[in-house]
Amino acid sequence: MLDRNAGGGYYFLKEMIFAGSTAAAGLPPVAVPAFKGGGAVFPRYLVNFQYSNLPVFGTDYLVIGSGIAGLYTALKAVEYGRVTLLTKRKVEDSNTEQAQGGIAAAIDRGDSPSLHMEDTLKAGAGLNDLKAVEVLVSEGPARVEELIRMGTAFDRCEGEIAFGREGAHSRCRILHACGDATGEEIRRTLWRHCQEHGEITVFEGTQVIDVLVNSAGECYGVLAWQAKLGLHIYHAKVTVLATGGNGQLYKNSTNPEVTTGDGIAAAFRAGAEVMDLEFVQFHPTALTKEGAPPFLISEAVRGEGAQLFNSKGERFMPRYHELAELAPRNVVSLAIWQEMANTGAPAVFLKVAGEHDADFAQRFPTIHRKCLYYGIKAPAEMIPVAPAAHYLMGGIRSDLWGRTNIPRLFACGEAACNGVHGANRLASNSLLEGLVFGARIVEAGRQWLDQSPGTTPAETTASGAAFASLPSGELPAKAEGVAQAIQQVMWERVGLWRSARGLITALADLERIALPEAWPGEVNRVFETANMLLLACLTARAALLRVESRGAHYRVDAPQSRNLWCRHIVQSQ
Ligand code: SIN
């Protein structure tokens, strides 16, 4: 289990409703306004329920989420016990499915884990956990080779893996598949193996509402909801949250609709520590055209030589960084933002390298198709792009074995924060993380398999929840309105540029959005929106506390990194 008292390098923010200052931790004082609406936003449970009235199912490993972290963990876990995997929509509804660029691993001749480590640390801006990075880069190649043995069809050139390049990598070390559909190919492979196995039980359309903790302080499963079954309970010896990130907190995001941070929010409500939530990575190049949702234009396109121009036709990246278009993501995103502000244009333009339509269509078929669909004939025409929320470096605080501070509760992939990415993730390290730490979680989880956890809830009653009963009715518009209001606040004030003033306003705005007690609407959406509101508050207050700029967190009122802030912000109830 995580050592809660691990000292230096952390700033613990424990109060549920926090109005204190950082001075006690040896930091210059920063006041965070009290959150008066906290009761509604930070309840123990989302919905009142009576344990004894609900159907109960049992398993050994309960894995939640069907991205790379969930599927791979399930495949490893089934070697040791019964596995149940829950996913809230379809198996393919995940960020993994949309991953384009690929998966980074030091496999090629001339590359090495230590070079991969160096690049990862440079991107992470001083906040990486060194041991976690060492684990990632040294165990990563074997995991990727396992994916290859399982049949993942990575692209090849004359029989050899065709390694691509992405920003801030010193080597070509990105494996990709079907050009720009790497995540889809990996998901297909893992899912095929899960199905062949036959002993992994998968329930789609099942949303995890809350994490359950017994009177001994151990996790014993989850409260879940499914349309036909309604509320129900899963008991498990080991519970793994592989629920992904929270890109949907932002108006513009490259993430699919499912990324509402449910696992992180549920873990927090159950008493888990969350860390580094202020570090949100904004991808520099999402397609930006009226009528089109922001769509990822992979960094690999710049890796193949594409250049960025502002609306006046000037190539601007060499003015900002010696690596120009291949500078770290935060640098490119901020440069684009600056150029958009200077010119007043809603986008900058990506000029794809090479003139031949066939080459571009072959290397980037998904992007090519998407651009054509929205009337952009790349490579002949430039692609209008702007930054969009892409990846959460923070998440549920976990150790090198995915353990959280709650025994039997593990976190994996984007939902987790073991410090591997520091303040800014290196491109294509996220799929790798899901594999490496998924395997470790299964090993660590074995210690719990001999004995089931007690199931006496820590609380005698589940009252005091955000919702007195399950939302019902025909009015999902209410939830949509609230979700949009959150996304707008986050985009405008907790986005790429932040300031104390903007963050204080954001917290006040979020407080006004507090959830009503009874809320008609579609159950999934209502619970997702409640989770978004909680995470929005936690993100804004961490961003307000961090009075410096580091990695993906940029404060206009404190543009430099400060040594005294070379520490993590950990929040818990
Ligand atoms: C991309 O293809 O640009 C995204 C890859 C990543 O976020 O790692």
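Just follow the structure's listing: the first ligand is 1, and inside any ligand the first atom is 1. Position 1 is the first residue of the sequence, and the numbers go up from there.
Of all heavy-atom pairs spanning Q571 and A542, the tightest one is NE2-CB, 3.7 Å.
Each of the atoms 4 (C), 6 (C), 7 (O) of ligand 1 lies under 4.0 Å from some heavy atom of H390. Ligand-side atoms of ligand 1 in range of A427: 8 (O), range being under 4.0 angstrom from any heavy atom. Close approach of ligand 1 to E299 is summarised as follows: ligand atoms under 4.0 Å from at least one heavy atom of the residue are 1 (C), 2 (O), 3 (O).
At least one N or O atom of G101, backbone or side chain, sits closer than 3.5 Å to an N or O atom of ligand 1. At least one N/O-N/O distance between H283 and ligand 1 falls below 3.5 Å. Polar contact with ligand 1: absent for N429 (N/O pair, distance under 3.5 Å).
For E257, the CD atom sits in a loose shell: 12 or fewer heavy atoms of surrounding residues, nucleotides or ligands are nearer than 6.0 Å.
Below 30°, between 30° and 60°, or above 60°: for Y391 and H421 the angle between ring planes is above 60°, a perpendicular geometry.
The side-chain contact (heavy atoms from CB on, under 4.5 Å) test applied to S253 returns N255, A389, not counting sequence neighbours. Every residue meeting the salt bridge (Lys or Arg N to Asp or Glu O under 4.0 Å) condition with D119, not counting sequence neighbours, appears here in chain and number order: R173.
Between E146 and R143 there is a salt bridge, with a side-chain nitrogen of the basic residue lying less than 4.0 Å from a carboxylate oxygen of the acidic one. We find that R562 and E548 are not joined by a salt bridge, their nearest charged nitrogen and carboxylate oxygen being 4.0 Å or further apart.
Remark: minimum distance from atom 6 (C) of ligand 1 to any protein heavy atom is reached at R329 NH2, 3.2 Å. Protein heavy atom nearest atom 8 (O) of ligand 1, with residue, atom name and distance: S428 N, 2.6 Å. Regarding atom 2 (O) of ligand 1, its nearest protein heavy-atom neighbour is S298 OG, 2.7 Å.
To the nearest 0.5 Å, atoms CZ (R493) and CG (L503) are separated by 9.5 Å.
For Q98, the closest heavy-atom approach to ligand 1 does not fall below 4.0 Å. Heavy-atom distances between R425 and ligand 1 reach below 4.0 Å in at least one pair.
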